[in-house]
Amino acid sequence: MELMQVYPWLMPALLIISIGTLFGSYLMFRAEKYMMLIAIGMVQTLISTMLATSVGPLLFGIGLTQFYVGIVNMKKVKGYET
């Protein structure tokens with residue numbers, strides 16, 4: 001949290017990144033690229049720790065859900081390929 005006070009540009013940058021990852025996760029889910037969905041879920045989970053006083057808990061939940069959905073669907077898709 002001290003980083004937010006030292007670097008005032010960090011909060012708007014993190015919000016832009018989080019909005020971009022939300023949009024990217026939607027596109028990756030539609031394109032069935034589940035490895036990217038897992039990676040985006042990890043990024044959102046990490047960003048949520050920096051945004052703990054605002055939208056962090058919501059972003060944390062969304063990130064964990066995307067991580068889980070990516071793993072489950074990746075296993076489901078691999079099962080059909082073999």
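Owing to the predicted nature of the structure, the values given are computational and were not obtained by experimental measurement.
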To the closest 0.5 Å, what do you measure between CG (L59) and OG1 (T45)? 7.5 Å
Run through L46, I47, I40 and flag the one making a side chain to side chain contact (heavy atoms under 4.5 Å, CB included) with Q44. I40
Any link between M74 and F67 through a network of hydrophobic side chains (Ile, Leu, Val, Met, Phe, Trp, Tyr) touching at under 4.5 Å? yes
When hydrophobic residues are tied together by side-chain contacts of less than 4.5 Å, even through go-betweens, does V55 share a cluster with F60? no
Evaluate the side-chain contact (heavy atoms from CB on, under 4.5 Å) criterion for residues M11 and L51: first the C-alpha distance (whole Å), next the side-chain angles of each, then the deciding distance (0.1 Å), finally the verdict. CA-CA 8 Å; M11 183 65 129; L51 301 172; 3.1 Å; yes
Atom CG of L14 and atom CD1 of I19: how far apart are they, to the nearest 0.5 Å? 11.0 Å
With the 4.5 Å side-chain cut-off for hydrophobic clustering, are I38 and L27 part of the same group? no
From OH (Y26) to OG1 (T21), nearest 0.5 Å: 16.0 Å
Look at the side-chain heavy atoms of Ile, Leu, Val, Met, Phe, Trp and Tyr, link any pair under 4.5 Å apart, and say whether M36 and I62 land in one connected group. no
Between atom CD of Q66 and atom OH of Y34, what is the distance when rounded to the nearest 0.5 Å? 13.0 Å
Quick check on the hydrophobic clustering: are I17 and W9 connected, directly or via other members, by side-chain heavy-atom contacts under 4.5 Å? yes
List for me each residue that meets side-chain hydrogen bond (donor to acceptor under 3.5 Å, both in side chains) alongside S48, sequence neighbours excluded, and say none if there are none. none
